[in-house]
Amino acid sequence: EDAGERYRQAVAEAARTLARSGAEVTFLSTCQGVPEYWTDDSRFAARLAEELLPGEPNVRVDRAFRSPADLADELRRYDVAIATRMHFAILALAVATPVVAVAYEFKSRELLRAMGREAWAFDIEEVSGQGLERATRAGRLPWRAEDLYKLLVTRFQEVGKGSPAFAGDNARYLSAV
């Protein structure tokens with residue numbers, strides 16, 4: 001079984017388990033709803049839901065385009081986000097939504113490691129539905145938005161020591177969100 005299929009099976013298993021326990025599961029992405037963009041993650045999610053989650057209660061695929069501000073508003077409503085793309089993880093964290101990451105590259109794992117949350121990062125080659133589901137339930141523990149914001153700013157400043165523009169740009173972005 002290749003990493004892509006393992007990922008699909010793991011996400012479907014976690015979504016099924018969470019949905020059947022009463023959670024609302026929504027597939028949402030920063031890469032969707034723009035026809036001329038190189039990819040549309042909602043197509044992948046729709047195929048996954050159709051093939052592996054047909055008729056499952058409380059599972060939906062959101063295909064709408066949202067501006068970053070609108071996407072941040074949507075993410076504020078969530079208890080936790082499972083993120084494959086690092087930018088989605090950053091946006092969720094910026095609005096104090098806990099993140100469980102599936103790392104297909106090192107970036108997501110490094111992001112959560114810098115936040116002291118590496119246990120919530122899964123390499124795509126080793127991800128399991130049970131692991132995602134457990135981390136998602138643990139991730140729903142309340143986070144104080146102010147504490148998470150301070151941690152993000154501190155981490156961006158540490159990472160950006162070699163690049164003051166990086167640290168300043170990201171701190172300004174977090175202030176805007």
Side-chain angles (χ1 to χ4, degrees), residues 1-35 37-105 108-109 111-112 115 117-145 148 177:
E1 185 176 54
D2 73 340
E5 185 56 26
R6 182 181 346 273
Y7 167 70
R8 280 174 33 96
Q9 294 293 330
V11 169
E13 180 185 334
R16 184 180 306 105
T17 301
L18 291 164
R20 288 181 180 177
S21 72
E24 291 182 37
V25 176
T26 303
F27 289 88
L28 178 69
S29 175
T30 55
C31 299
Q32 67 184 40
V34 180
Y37 195 60
W38 71 275
T39 191
D40 183 341
D41 290 339
S42 67
R43 284 194 306 258
F44 173 86
R47 262 191 328 275
L48 185 148
E50 182 180 302
E51 294 170 8
L52 301 177
L53 300 166
E56 283 297 329
N58 302 324
V59 174
R60 72 181 184 92
V61 177
D62 183 317
R63 299 193 78 156
F65 169 77
R66 288 183 176 76
S67 69
D70 291 339
L71 188 56
D73 286 342
E74 180 71 12
L75 282 168
R76 280 186 183 93
R77 299 177 336 113
Y78 293 11
D79 294 323
V80 66
I82 297 176
T84 305
R85 297 195 183 276
M86 183 188 68
H87 294 100
F88 189 85
I90 291 170
L91 188 58
L93 290 168
V95 296
T97 299
V99 170
V100 174
V102 178
Y104 66 93
E105 292 182 344
S108 296
R109 176 171 288 287
L111 173 67
L112 290 186
M115 306 265 325
R117 303 276 192 262
E118 187 177 6
W120 294 357
F122 297 85
D123 291 326
I124 198 166
E125 295 86 4
E126 300 169 4
V127 68
S128 72
Q130 186 177 46
L132 286 176
E133 186 263 335
R134 282 185 188 156
T136 299
R137 289 187 189 279
R140 290 162 73 177
L141 299 172
W143 289 22
R144 289 191 39 212
L148 186 55
V177 175

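Everything numeric in this text was worked out from a predicted model, so none of it was measured.
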Colleague: Other residues, nucleotides and ligands only: do more than 12 of their heavy atoms fall within 6.0 Å of CD on Glu118?
Modeller: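 Above 12, so yes.
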
Colleague: At what distance, to the nearest 0.5 angstrom, does CG of Leu48 lie from CG of Leu53?
Modeller: 5.5 Å

Colleague: Would you call Arg43 and Asp41 a salt bridge, taking side-chain N to carboxylate O under 4.0 Å as the test?
Modeller: no

Colleague: Just how far is it from atom OG of Ser128 to atom CD of Glu133, taken to the nearest 0.5 Å?
Modeller: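 Reported value, rounded in 0.5 Å steps: 9.5 Å.
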
Colleague: Does Phe88 reach the side chain of Leu75, with side-chain heavy atoms less than 4.5 Å apart?
Modeller: yes

Colleague: How long is the gap from CG on Leu18 to CG on Leu132, to the nearest 0.5 Å?
Modeller: 9.0 Å

Colleague: Is Glu51 paired with Arg8 through a side-chain N to carboxylate O contact shorter than 4.0 Å?
Modeller: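 A salt bridge is present here (some side-chain N lies under 4.0 Å from a carboxylate O).
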
Colleague: One thing to verify: whether Arg6 and Glu125 come together as a salt bridge, which I'm taking to mean a side-chain N less than 4.0 angstrom from a carboxylate O.
Modeller: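 Result for this pair is no, no salt bridge flagged.
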
Colleague: Quick one: OG1 on Thr26 to CG on Asn58, what's the gap to the nearest 0.5 Å?
Modeller: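 Going from the OG1 atom of Thr26 to the CG atom of Asn58 covers 9.5 Å.
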
Colleague: Write down the atom of Arg85, the atom of Ser108, and the distance for their closest heavy-atom approach.
Modeller: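 Distance-wise, the nearest heavy atoms are C-OG, 4.3 Å.
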
Colleague: Would you sort out whether Arg60 and Val25 count as a side-chain contact (heavy atoms from CB on, under 4.5 Å), showing the intermediate values?
Modeller: CA-CA 6 Å; Arg60 72 181 184 92; Val25 176; over 6 Å; no

Colleague: Hey, are Arg66 and Asp62 close enough for a salt bridge, meaning a charged N less than 4.0 Å from a carboxylate O?
Modeller: yes

